[in-house]
Amino acid sequence: MLKTVELQPKSLTDYIPIVGEETIEQIRALAEPLKGARVVHINATAFGGGVAEMLYTLVPLMRDVGLEAEWQVITGTDEFFNVTKAFHNGLQGMDLPLTDEMKSIWQQYNQYNAAAFEGEYDFVIVHDPQPAGMHAYRQGRGGRRWIWRCHIDTSTPNPAFWDFIVPYLQLYDAGIFTMQQYVGQGLALPRLAIITPTIDPLSPKNAAQPVEENKKIVRSYGLDLDRPLLTQVSRYDPWKDPLGVIDAYRLVKREIPGVQLALLGSMASDDPEGWVYYDRTVRHAGEDFDIYILHNFHGVGNREVNAFQALSDVVIQKSTREGFGLVVTEALWKGTPVVGGNVGGIPLQVLDGETGFLVDSVEACAEKTLYLLQHPDEAARMGAQGREHVRRNFLSTRHLRDYLQLFSDLG
Ligand code: UDP
C-alpha cells in the first residue's frame, strides 16, 4: 500500500467571509452531481514545496463538498529522488545527461509504486514527473480516469528527458498544466486543463497573525525590525537564484546600509540537492551577518514564513525559472509588494508597477527593491493591490472549483 497522508477536516463555509457566499454556492452546485466520487491524489512528498502545501487544503475541501478524496505518497529512496530531481531539471530544460541507469531507476520505482497502489477510484491525479509512470505500470487499473498534473514548465525541455517520458504521459485521460505555454511539444492528451495553483487563506501560513506575534517571531532570529527587511522564501535551488538575491541585496546595501536580508528555505525530502545549494548560498553570503539564512531545522515553519512575509518591506522572488511561485501569492496576500523574476507564473501575480515589479537581472532587482524601500506609500499601495489580486484569483476555493469542473467534464 502507498502511504496515506492524514488530513485535518476543513469546511468551505469558513471561506465565506473571504470570497463571498455566491462563490461558495457555485462550488456546492458544481459538486452536487459528483458526490461520492472516489478521488486520489498521488505525489512524491507530504512535506516541502508547493504541491504538498496545496494538497493539505484541496483534499479536505474536496471531502467537505462530498467527494471521497484521499492523498497518497509514493515510496522512494535517495537513489530515486536524485534521479527524479534530474528529471525535474531536465524537463525544465537543463542540459544534463539521461543515462540508462537513471531510466531504469525511475522505471523500477514507478513499477514498485504502481504495484503498491490499491483500491478503485474514479479519478486518479498523479502529480509531477516522479510518479508519472504509474499509469503505464498499472495499465490504467484502479482508476476510471487518470489525470497527470504537471506543476513544472515543460515548454522547452531537454529532449532526452522529454522523449523518454512522453510515452508514459500520453496514456493519461487528461493533463493539467499551470499555463498553456508549459505544455511541451508533441504531448497530445484527450483533454487539457489550465489551472494555476492557489493558497489557502485560512492556513497557519496565510491567516493573519497578530503583529506583535509576528514581530516576536522575526526578532527571535536576531533581526532588527527598526531596519528595512528583504525576504526570499524558497527551496535552495539554482532556479530560485538565492545567489542572485544576495547580489541584489548587496547593491541595495550600498544605498541603504541598514538593510537586512532573510533567506528562508525548507529542505524537502525529495530534494537531496537542496543541501548542496544551501551550502553554496551560505558561502556566497560570507561574513555578512545582516544576511540570515534559515531553514526548517532552525524552526522555520508555517508561522515563521507567515511572519517574515508579513513584516518584510519587500519580498523578493528572483527565480530564473518558476512553475507558479506560491511564495509570491503568499507574500501578496499579506499585503507585501513583490519584486519577482519575469518568468513562469510570476507575471500572472506580479503585475508590473501594480502589485510589485518584474525584473530580469540582479541590477533591475536591486533598483526596483530600492525604489520600494524609498517610496513606502507606493509600496503599501502595491501591497494592497496585490492582496486584492490574490483574493480574486489565487485562493483555494478557485482551485477546488476548477478541479470539480474538470471532473464533470471528464464524466
Ligand atoms: N516553504 C516553506 N518554508 C520554507 C520555504 C518554502 O514553507 O522555508 C513553502 C512556501 O511557503 C511555499 C512552498 O514551500 O508554500 C514553495 O512553493 P513554490 O511554488 O513557491 O515553489 P516550489 O518549491 O514548489 O518550486
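Every number for a ligand or one of its atoms is a count from 1 in the order of the listing.
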Give yes if a backbone or side-chain nitrogen or oxygen of [X] is under 3.5 Å from a nitrogen or oxygen of ligand 1, and no if not.
X      : result
Gln309 : no
Val51  : no
Val305 : no
Phe324 : no
Lys240 : yes

query = Which residue from Gly50, Pro197, Gly323 reaches closest to atom 17 (O) of ligand 1 through any of its heavy atoms?
reply =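 Answer by nearest heavy atom: Gly50.
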
ask   = Between the candidates Lys205, Glu53, Arg235, His151, which shows the shortest non-hydrogen contact distance to atom 1 (N) of ligand 1?
value =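 Comparing heavy atoms across Lys205, Glu53, Arg235, His151, the nearest one to atom 1 (N) of ligand 1 lies in Lys205.
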
query = Among Thr196, Thr355, Thr329, whose side chain to side chain donor-acceptor pair (under 3.5 Å) with Gln349 holds?
reply =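 Running side chain to side chain donor-acceptor pair (under 3.5 Å) over Thr196, Thr355, Thr329 with Gln349 returns exactly one hit, Thr329.
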
query = Taking atom types as modelled, is there a side-chain donor on Trp148 or Asp128 under 3.5 Å from an acceptor on the other?
reply =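 No, Asp128 and Trp148 have no side-chain donor paired with an acceptor closer than 3.5 Å.
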
task = Please determine, by modelled atom types, if Gln385 and Arg381 share a side-chain donor-acceptor pair under 3.5 angstrom.
result =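 Present: a donor and an acceptor within the cut-off.
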
key: Electrostatic pair Lys253-Asp288, nearest N-O below 4.0 angstrom   =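 Result for this pair is no, no salt bridge flagged.
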
task = Taking only Lys NZ, Arg NE, NH1 and NH2, and the carboxylate oxygens of Asp or Glu, determine whether Asp237 and Lys85 approach each other closer than 4.0 Å.
result =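 A salt bridge is present here (some side-chain N lies under 4.0 Å from a carboxylate O).
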
query = In Å and rounded to the nearest 0.5 Å, what is the CD to CD1 distance from Glu212 to Ile217?
reply =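 Glu212 CD to Ile217 CD1: 11.5 Å, rounded to 0.5 Å.
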
key: Closest heavy-atom pair and its distance - Ile42, Val124   =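 Smallest heavy-atom distance, with atoms named: CD1-CG1, 3.8 Å.
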
key: Numbered atoms of ligand 1 (with element) below 4.0 Å of Gly325, judged on heavy atoms   =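 Answer for ligand 1: 19 (O), 20 (O).
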
message = Within the 4.0 Å heavy-atom shell around Gly265, which atoms of ligand 1 are there?
response =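 Numbered from 1, ligand 1 contributes 4 (C), 5 (C), 8 (O).
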
Could you check [atom] against the protein and tell me its nearest heavy-atom contact, residue, atom and distance included?
atom                    : value
atom 19 (O) of ligand 1 : Leu326 N, 2.9 Å
atom 8 (O) of ligand 1  : Ser266 N, 2.7 Å
atom 6 (C) of ligand 1  : Val233 CG1, 3.6 Å

task = Please check if the side chain of Gln260 supplies one atom and the backbone of Asp224 the other of a donor-acceptor pair under 3.5 Å.
result =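 A pair under 3.5 Å: yes.
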
query = Distance-only, no hydrogens or angles: does the Gln209 side chain make a donor-acceptor pair with backbone N or O of Arg303 under 3.5 Å?
reply =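 Such a contact is found between Gln209 side chain and Arg303 backbone.
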
request  = Check each heavy atom of Glu330 against ligand 1 and say whether those closer than 4.0 Å belong to the side chain, the backbone, both or neither.
outcome  =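 Looking at Glu330 and ligand 1, just side chain atoms fall under 4.0 Å.
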
